[in-house]
Amino acid sequence: MKKLVILGAGTAGTMMLNKLSNVLEKDEWQITIVDQYETHYYQPGFLFIPFNIYNKKDVIKPKRDFFPTGTEVIISEIDKIEPGKNRVLLKNNKVLSYDYLIIATGSKVKPEETEGMKGELWYKNIFDFYTIEGALALQSFFKHWEGGKLVLNITEMPIKCPVAPLEFVFLADWFFTEQGIRDKVDIHFVTPLPGAFTKPRAASILGDFLDKKNINLTTEFNIAKVDNDNKKIVSWDEREIPFDVLVTIPTNMGDEAIERSGMGDELNFIPTDKHTLMAKGYDNIFVIGDATDLPSSKAGSVAHFEADILFENFLDVIEGRDPKAKFDGHANCFIESGFGKGILIDFNYDTEPLPGKFPLPGVGPFSLLEETKMNHYGKVMFRWMYWNSLIKGQELPIESNMSMAGKRL
Amino acid sequence: MSTVEVLGKQLELDADGNLANPEDWNEEIAKELAKQEGIDELTERHWMVINFMRKEYQEKGDAPSIRKLTKQSGVDTKELYQLFPKGPAKKAARIAGLPKPKGCI
Ligand SMILES: Cc1cc2nc3c(=O)[nH]c(=O)nc-3n(C[C@H](O)[C@H](O)[C@H](O)COP(=O)(O)OP(=O)(O)OC[C@H]3O[C@@H](n4cnc5c(N)ncnc54)[C@H](O)[C@@H]3O)c2cc1C
């Protein structure tokens with residue numbers, strides 16, 4: 001029996017498991033998947049929890065619902081990978097040997113990386129919404145908040161779903177308007193980037209949306225510490241921004257298991273070939289999703305496109321062929337912009353987000369870099385697709401490599 | 001492709017405004033690039049960072065991020081921002097004649 005071990009049963013790991021278990025012969029392959037938790041979280045849904053649009057029950061399902069029969073499932077924390085010995089050590093003292101390994105351990109927020117962030121105001125006036133706990137704590141806070149300075153701060157790049165912070169302030173604008181207190185809420189978007197987003201054209205268009213929605217923007221702000229006593233964030237070059245409530249996107253890092261394995265960079269992301277998705281320096285290890293160090297966005301849609309490429313390359317490699325499929329960095333993100341509308345961006349390593357129609361040129365139904373109701377429905381539909389087809393490894397009606405059709409230069 | 005005139009020579013720049021050809025770089029050019037970034041004089045501490053970046057780039061093929069700089073160059077974050085205000089990794093890479101670090105996307 002040949003052994004395939006998949007580490008992490010989140011978006012990417014679950015998707016790969018389903019795709020590969022469909023094609024690998026049951027009598028030749030033993031597939032094992034490892035995760036520390038029994039619950040699958042729909043992380044894109046966390047964004048909506050503070051605003052009461054979703055609740056906890058809308059974003060969780062048991063992981064086991066998505067595991068095909070015949071899979072060996074192990075619920076345990078991963079201690080470390082020993083790539084030289086082709087084995088993985090688990091915290092429950094089990095040792096798993098493998099012929100092939102797929103690493104899909106994702107990324108997570110580390111507020112303790114910034115001085116004072118996890119200080120006395122943590123979950124009192126300082127919240128994240130990248131965890132279920134943070135999103136729920138913020139939901140309770142907003143229920144009784146009567147207004148003041150709302151500061152959203154991105155600590156450092158890269159972060160997963162780089163559009164989520166923008167969506168957060170757009171939704172806050174809508175939410176406090178609905179609550180009738182928008183005039184009492186000062187919304188401030190504070191980023192280390194030179195603009196509202198990572199890519200120049202989208203940054204300028206999205207920056208205009210911030211303006212229109214009366215949201216302040218401070219750029220090139222690299223946070224050094226949170227001053228809990230005076231409710232301020234302070235940058236390395238000693239600029240200060242006061243807050244009544246701070247919504248932070250803490251530093252995003254790969255899991256400590258990657259560090260313990262000696263396989264990560266300074267943020268515990270794994271050096272990965274940006275086209276083949278193989279771990280650099282290994283011929284039997286693939287990496288997918290947020291765990292990679294690829295210069296693409298860390299998003300579920302990206303993991304989905306990567307899965308198509310990894311699938312083909314995996315089948316090549318186990319047959320002794322060179323991996324031929326090439327990932328192009330394709331990302332496709334619906335940006336919820338409030339008041340029942342949304343904006344869509346589609347881009348890859350080489351092409352920044354451009355205006356146009358998607359996926360059908362001239363027709364759509366979605367519009368790129370424009371605010372429409374249809375784009376909002378796309379976002380709403382994404383949850384249904386996520387649970388019902390995406391993580392089950394089924395095809396979505398979008399090509400894994402980006403297409404220029406319908407885009408305006 | 002845009003160019004910049006440094007010490008009487010036209011040097012080619014990449015899309016981010018960094019030197020397109022690392023072989024164009026030398027210490028005199030670094031001093032001029034620094035001036036363009038508002039840094040009038042390169043001190044020994046500046047050079048420590050610049051040299052570390054060049055070494056990393058030669059070994060790894062990518063300019064290091066701020067995190068890597070503070071972990072390994074011997075200069076802490078606070079000082080890095082004093083030496084290269086606003087965007088230390090980006091600015092130091094430009095002065096060192098290297099492409100913008102990949103982590104700065
Ligand atoms: C607020 C928010 C909004 C988002 N919005 C969108 C969106 O609109 N569209 C979009 O496409 N994407 C969005 N994303 C991003 C998307 O959720 C992630 O990119 C995606 O889940 C990545 O999948 P992954 O499998 O790489 O990681 P994950 O899904 O995070 O899975 C990693 C798994 O590995 C397990 N694991 C890690 N370390 C260990 C260990 N040591 N031992 C055992 N198990 C371990 C974890 O328990 C987890 O189950 C959003 C994310 C957030 C936080």
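First the proteins, then the strands, lettered A, B, ... as listed; each starts at 1. We use all heavy atoms of the structure for the numbers below, so side chains are in, but hydrogens, waters and symmetry mates are not. Everything quoted here is computed from the prediction, not taken from an experiment.
Note that the CD atom of Glu156(A) and the CZ atom of Arg67(B) stand 4.0 Å from one another [nearest 0.5 Å]. Note that the CD1 atom of Ile66(B) and the CG atom of Asn222(A) stand 5.5 Å from one another [nearest 0.5 Å].
Both the backbone and the side chain of Lys68(B) have a heavy atom closer than 4.5 Å to some heavy atom of chain A. Looking at Thr251(A), only its side chain comes within 4.5 Å of chain B, counting heavy atoms on both sides.
For NZ of Lys110(A), the number of neighbouring non-hydrogen atoms (other residues, nucleotides, ligands) closer than 6.0 Å is greater than 12. A 6.0 Å sphere centred on NZ of Lys78(B) holds more than 12 heavy atoms belonging to other residues, nucleotides or ligands. Counting heavy-atom neighbours within 6.0 Å of Lys108(A) NZ, excluding the residue itself, gives a total above 12. Asn230(A) CG: more than 12 foreign heavy atoms inside a 6.0 Å radius.
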